[in-house]
Amino acid sequence: MFKKVLIANRGEIAVRIIRSCKELGIKTVAIHSVADVNSMHVKMADESICVGDSKSSESYLNIPAILTATEITGAEAIHPGYGFLSENFKFARILEEHNIAFIGPKSEHIKIMGDKVSARNIINKTGIPLVPGSDGPIKSLSDLKKNSENIGFPLIIKAAAGGGGKGMQVVKNKSDLENAYNLTKSEAKANFGNDEIYVEKFLQNPKHIEFQIFADNYQNVIHLGERDCSIQRRHQKLIEEAPAFDINQNEKEKVIKIIIKAMKEIKYRGAGTIEMLYENEKFYFIEMNTRIQVEHPVTEMITGIDIVSEQIKAAGGKKLSFKQKDITFRGHAIECRINAENPNNFVPSPGKVLTYHPPGGNGVRVDSCLYSGYEVVPYYDSLIGKLIVHAPTRLQAIERMKRSLAELVVEGIETTTSLHEKIISTSSFSNYEFNINWLESFLKK
Ligand code: ADP
């Protein structure tokens, strides 16, 4: 096992990874930007090293500086967390070439799944059902028109290299095709440096259901069940839960079987998430994330498995120490993402946290990077913490979330806590009457 791991990330996920390393007896190195010198992850790690200026391009994405930090500190492995370099196959490949372990999949899998067109191709071959769409990239406007005749409207044009809910355009009718084509291509180029696009049928009322899988280096593949992440704003998740409620169990078992077989076939390693849309009792693949997800704690709560520890062990060459039959699913877990934002207009709210008091009690987990006196800086994502609850039933979990949100105190900055209180108090949420469009229409009321 590794003696020292460098965490190439910040915020709550860096704190989360340090916690697992400590429990495994592994020393940790925190990297940080100039702006993050007072961050929680820097305080918690055994060592820390500044890798550049506040802008993430100069620090958390600065590969030469991160490699230098690894060499100076003698770290043997790097955990990339989520975002930043976690899905950068070139970074993973550089580490492979320099004998530094990347705590994640092999670079070839990051590359295939990072390009949504090649991901659709390989997933299609494995038999996992896809959202109907183009066979490959869209080469021209006339190519898009031809595809739209087969797919029908509404459709969604997506950037092959897209992520974070960006680079997607819904087209309702034929007359809007040309504008949408030009817009998605130029946005894809500007945001992702790659203007390749493809097109899919736009499902009108699906739920977002995703499957957590895990594989060691020896083709032992297991699944840790599913999560419902349908509560979204602008295609980004706000609340997640596990297991999904009211899902056709036969279809679910069928899809899981195909996913496991597919992951064995491609010799996948590490944690992965197969994201799917679920409509009319059928699942459709949209993308695979080859990293730890923000919402992984809900799965940990119902399975008791520390996914980050498993990632570290798998990257260190350890065999999975359990089999599918050893995994049991207990109760229900819900996660609310707490952002430093105005809860009405979502404008970021950086600044000094004057008071921080996290909730506690039975079945409550807080993954956060806050402390009283901490200054939330304006340069990065506004996620400052996640509140996760676990209870025997979904309704009990909702009640536990209500009282935990009420206990959470963050003074000095604005947070999205009050919005979560509103959402989970609706009958739509408690009756599980929502899909990926529900939150947007709730916010308009
Ligand atoms: P990203 O990589 O940016 O997260 P995804 O492909 O995972 O993009 O999609 C994010 C969200 O966008 C989905 O959870 C869903 O809400 C919506 N979405 C994506 N594809 C479709 C589709 N074909 N039909 C309807 N909604 C979609």
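Start at 1 and go down the list; that is how both ligands and their atoms are numbered.
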Practice item. Give a yes or no on whether a salt bridge exists between Arg365 and Asp367, defined as a side-chain N under 4.0 angstrom from a carboxylate O. Key: yes
Practice item. For atom 6 (O) of ligand 1, grab the closest protein heavy atom and report residue, atom and distance to one decimal in Å. Key: Lys158 NZ, 3.0 Å
Check your understanding: Salt bridge or not for Glu200 and Arg120, using N-O below 4.0 Å?
Key -> yes
Revision key, fill the gap. Under 4.0 Å from one or more heavy atoms of Ile436, ligand 1 contributes atoms 15 (C), 16 (O), 26 (N)
Check your understanding: Is Leu203 in polar range of ligand 1, meaning some N or O pair under 3.5 Å apart?
Key -> yes
Check your understanding: Does ligand 1 have any atom sitting under 4.0 Å from a heavy atom of Met168?
Key -> yes
Exercise for review: Return a yes/no value for Phe202: is any of its N or O atoms, backbone included, closer than 3.5 angstrom to an N or O of ligand 1?
Suggested key: no
Exercise for review: Please determine if Lys201 and Glu279 form a salt bridge, counting it only when a charged side-chain N lies under 4.0 Å from a carboxylate O.
Suggested key: no
**Study point:** Nearest-neighbour protein heavy atom for atom 22 (C) of ligand 1, which is reported as residue plus atom name and distance
**Key:** Leu277 CD1, 3.5 Å
Check your understanding: Does at least one non-hydrogen atom of Lys237 fall below 4.0 angstrom from an atom of ligand 1?
Key -> no
Check your understanding: Does the pair Arg233 and Leu443 meet the rule for a side-chain contact (heavy atoms from CB on, under 4.5 Å), with working shown?
Key -> CA-CA 9 Å; Arg233 177 180 168 266; Leu443 292 173; 3.8 Å; yes
Exercise for review: Using distance alone, decide if ligand 1 has a nitrogen or oxygen within less than 3.5 Å of any nitrogen or oxygen in Gly165.
Suggested key: yes
Check your understanding: Under 4.0 Å from any heavy atom of Ile156, which atoms of ligand 1 are there?
Key -> 22 (C), 23 (N)
Point to revise | Atoms in ligand 1 with a heavy atom of Glu275 nearer than 4.0 Å | key: 7 (O)
Review point. Quick one: do Lys402 and Glu399 make a salt bridge, cutoff under 4.0 Å?
Key: yes
Check your understanding: So which of Asn435, Ile286, Leu130, Val199 gets nearest to atom 13 (C) of ligand 1, if we judge by its closest heavy atom?
Key -> Ile286
Check your understanding: Residues two or more places apart in sequence or in another chain: which of them pass salt bridge (charged side-chain N to carboxylate O under 4.0 Å, His left out) with Arg337?
Key -> Glu240, Glu295
Exercise for review: Look at Lys261 together with Glu265 and state whether they make a salt bridge at an N to O cut-off of under 4.0 Å.
Suggested key: yes
